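One structure is given below, encoded as structure tokens.
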Amino acid sequence: MDGFVSIRNLDKFYGGFHALKGINLDVAEGEVVCVVGPSGSGKSTLIRCINHLESFTKPSEIVVDGTAVAPGKSLSTIRAEVGMVFQSFNLFPHLSVRRNVMLAPMRVRGRSAKEAGEQADALLKRVGIAEQAGKFPKHLSGGQQQRVAIARALAMEPRVLLFDEPTSALDPEMVGEVLDVMKSLAGTGVTMIVVTHEMGFARQVADRVIFMDSGEIIETGTPEDIFSNPKEARTQNFLGAVLNH
Amino acid sequence: MELIDTFFNAEVLRRSFPMLVKGLWVTIKLGLVSIIAGLALGLALALLRLYGKRPVQFVTSVYIDIFRSLPLLVLLIIIYYALPFVGIRMSGFWSAMCALTMVSGAYSAEIFRAGIQAIPKGQFEASQALGLNYRQMMFDVVLPQAVKIVIPPLTNNSINVIKDTALASVVAIPDLLKQATQAQALAANPSPLIGAAIIYILFLWPLVAAVSRMERHFGAGEH
């Protein structure tokens, strides 16, 4: 176990479908890892295992910051340390933007409403939507909602941030504003694992790119390795399909 | 005008009015206690049915199905007349309250379950990913959203509970219907029954109208 996030022999089945086939992966603290690959390759399933939104059983093993990810008491500790941003935002529609950001710090970290509110204001400013704090999510654009979702995840001061195709549900003109926020997070010390179809973002921001297909890690390397000199035929085919059009 | 004298006899109505008001009070008390207990039971049953261990889920769903298929009057008679044979003796009021609660709990459980299941999976996942525990997830995120969905059908159910309190007159509770039938016997005239009917309608009509309004409002607001 040498990574800050260590994944060992991770298998995941949906009925008879073998979604993840013995994945091994170590991610260092502060590293930004982008996971790319065709739809259905298991990328989302992989990161959803890290905070146990998808269950897995021994001998599959995931360790985050020295603690094994497994059902039970320690799981809430891990989830408090591991933030997640979803493709479909999943903001709480009955709470204002500010309350969305405040909820978990108050409930999980025991912060006062005042502290949590001040922190929420600071985070909303950081993602560029301070003036929307009192609105409800449905009154915001997709890009704004996703930036709130990032602020909500950051409010827990996570050591690891998981992004599950954060721009896939956005209108094209809103992709940039979300990627800009994500770029500003890279290099702040938070470990980021990003499942994405944004090759430009991966190339520019990732320390390491992982290419997955059919539930396996096919190839891993620096953005330069993967995008300019892919070794595996499957990587070449995939990149050929997504980059040349 | 024999019809007016028989069914809308002003003098009989006036004399029976205090009895009817006393009955209405009992009806409201019995209705409210049963509604509140039924809601609590229903929420507990819904959560057990959705998230309990397998055997608990099974037992809960059997309970819900049985009490939705058992006529309330039959249940009431069993509780009031049969349970004393096994040493469980309750007053008419508490027998009726138990019967009403057990049945309305079963119906409320299905309403709560539908409301909770209507909340998108992403809301549960976002709550879990943030580290909220089960109780926080339910009370801070899921139930506040489900309440909007379940209020109209729960109000409907509550109206039914209040109407069903009339069945309690068979176990000698002085509810509105029982008072009306007694007043009818005293006056040898059925006007008090009409009086009771009018009171039921005046009391429940606003609730029925409120449900329609809420259904329109919530229906329009969310899409």
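We use all heavy atoms of the structure for the numbers below, so side chains are in, but hydrogens, waters and symmetry mates are not. No experiment lies behind these values; they were computed from the predicted model shown. In what follows, chains are A, B, ... by sequence order, proteins preceding strands, each numbered from 1.
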What is the minimum heavy-atom distance between [X] and [Y], and which atoms define it?
X	Y	value
A:N51	B:A129	ND2-CB, 3.7 Å
A:F92	B:Q123	CD2-OE1, 3.1 Å
B:A126	A:N90	CB-O, 3.6 Å
B:L130	A:A104	CB-CB, 3.8 Å

Audit row: A:L103, B:L132, side-chain contact (heavy atoms from CB on, under 4.5 Å) steps and yes/no: CA-CA 9 Å; A:L103 179 67; B:L132 298 182; 4.0 Å; yes

Residue part contacting chain A, namely of B:N133, when any heavy atom lies under 4.5 Å: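 For B:N133, neither part sits under 4.5 Å from chain A.
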
Segment of B:Q136 engaging chain A (4.5 angstrom heavy-atom cut-off):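 Contact with chain A is through the side chain of B:Q136 alone.
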
Please determine whether the number of non-hydrogen atoms from other residues, nucleotides or ligands lying under 6.0 Å from atom [atom1] of [X] exceeds 12.
X	atom1	answer
B:Y51	OH	yes
A:R99	CZ	no
B:F85	CZ	no
A:K125	NZ	no
B:F17	CZ	no

Top contributor to chain B interface from A:R48, A:R109, A:R79, A:M156 [non-hydrogen pairs under 4.5 Å]: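 When all of A:R48, A:R109, A:R79, A:M156 are compared, A:R79 has the most.
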
Winner by heavy-atom pair count (cut-off under 4.5 Å) against chain B, out of A:A153, A:S76, A:G83, A:P93: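 Option with the greatest count: A:P93.
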
Short side-chain to backbone donor-acceptor contact, A:H94 and B:D140, under 3.5 Å: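 Side chain of A:H94 to backbone of B:D140: a pair is present.
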
Residue A:L91 versus chain B: region with a heavy atom under 4.5 Å: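 Only the backbone of A:L91 comes within 4.5 Å of chain B.
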
Spatial distance of atom CZ (A:R107) from atom CE (B:M137) [nearest 0.5 Å]: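 Spacing of CZ (A:R107) from CE (B:M137) equals 14.5 Å.
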
